Amino acid sequence: MKKILVIGSVGQIGSEFTLDLRKIYGNENVIANGRKTKPSEKLLKSGPFEFFSATNKGDLEFYCKKYNIDTIVNMAAILSVVGEDKPMLAWDVNMNGLINVLEVARDMKMEQVLVPSSIAVFGPETPVNNTPQETILRPTTMYGVTKVAGELLGDYYVRKYGLDVRGLRYPGIISNETLPGGGTTDYAVAIYYEAIKNKKYTCFVKEDTQLPMMYMPDCIKATIDLMQADFSKLKHHSDFNVGAMSFTAGELAASIKKYIPEFEITYAPDHRQAIADSWPNSVDDSAAREEWGWRPAYDLDAMTQDMLKVLGEKHKKGLL
Ligand code: SER
């Protein structure tokens, strides 16, 4: 039976992904970890939880041995905006945390390590439309720099040590359980919360800013599908492009207006605009489709309907 450690289980993706993983592999077989944020009751009550930072190799090793871990999913990361504010923290969490994960996994002969990457690996010189799998990786953010280095490190451990390392380049992830922690694509989440609460939103990127995005159920499906893929069939390892939908801020607002006609949006681009401008409009994910059968389920309107339904119910209960 698999024993999986999810590092960063309290974050936007980890908080939902860990619960789904527990449904598949059993509550006791999925150990949740956080660095400092208080976990939800759901996460705490459904299985083991340990507070530690993967940047401390001794702690990581201790808990991996305590639970006999054979698989690590490293969801911990400092995202693009916080990373520009605190570049050294981004380096520490994203790089030192990762090298510790890879070293402990190698040392303990683990079965698998999954480390998400991001569209932040791309930069202003990368082709923006249908960005290819193999392309120019010259990011301008510290987050992007650490994600490129992380992809290279993952592939290095596959080649040099035969360690099974996998990763996928998440686009902006939209969800309704835990807010994202300081990324450039956060407007695509905040807009739904504000549409429900105040029927208006001031967007920090321009109306025609287009980025690749994905709804949380597809993000979880992509991650689990990649974890379960046959390793021998993979030609890529740490850097799969995964697409789902791609829209401008204006198209996002128009989708919300279909269901909340009185919704109003204004645009006040700030320092995050330059980061958004350095990332692709859309990505070519044919490698993920061919090598492990990736297929997204949600488009923009399907996501909008679900987001507004879930957040509307939370709002009625006074939970927003
Ligand atoms: N959502 C991330 C960010 O905006 C991109 O992976 O930083």
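Keep in mind that what you see is a predicted model, and the values were worked out from it rather than measured. Each ligand, and each atom within it, is numbered from 1 in the order the structure gives.
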Ser246 side chain reached by Met214 side chain, heavy atoms, under 4.5 Å: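 Counting from C-beta outward, Met214 and Ser246 never come under 4.5 Å.
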Sub-4.0 Å atoms of ligand 1 with respect to non-hydrogen atoms of Leu79: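 What qualifies from ligand 1 is 7 (O).
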So which protein heavy atom does [atom] come closest to, and at what separation?
| atom | result |
| --- | --- |
| atom 7 (O) of ligand 1 | Ser80 OG, 2.6 Å |
| atom 2 (C) of ligand 1 | Thr185 OG1, 4.0 Å |
| atom 4 (O) of ligand 1 | Thr184 N, 2.6 Å |
| atom 6 (O) of ligand 1 | Ser118 OG, 2.7 Å |

From OH (Tyr187) to CD1 (Ile174), nearest 0.5 Å: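 CD1 of Ile174 is found 8.0 Å from OH of Tyr187.
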Salt-bridge contact Asp270-Arg272 (side-chain N to carboxylate O under 4.0 Å):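 Yes, this pair counts.
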SB check Arg106 Glu103 (cutoff 4.0 Å):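 Counted as a salt bridge, because a side-chain N and a carboxylate O are separated by less than 4.0 Å.
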Trp279 and ligand 1 - part of the residue with a heavy-atom distance under 4.0 Å: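 It is the side chain that gets close, since no backbone atom is under 4.0 Å.
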is_close_aromatic(Phe240, Trp292), centroid dist under 6.0 Å: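 Close enough - the centres of the two rings lie under 6.0 Å apart.
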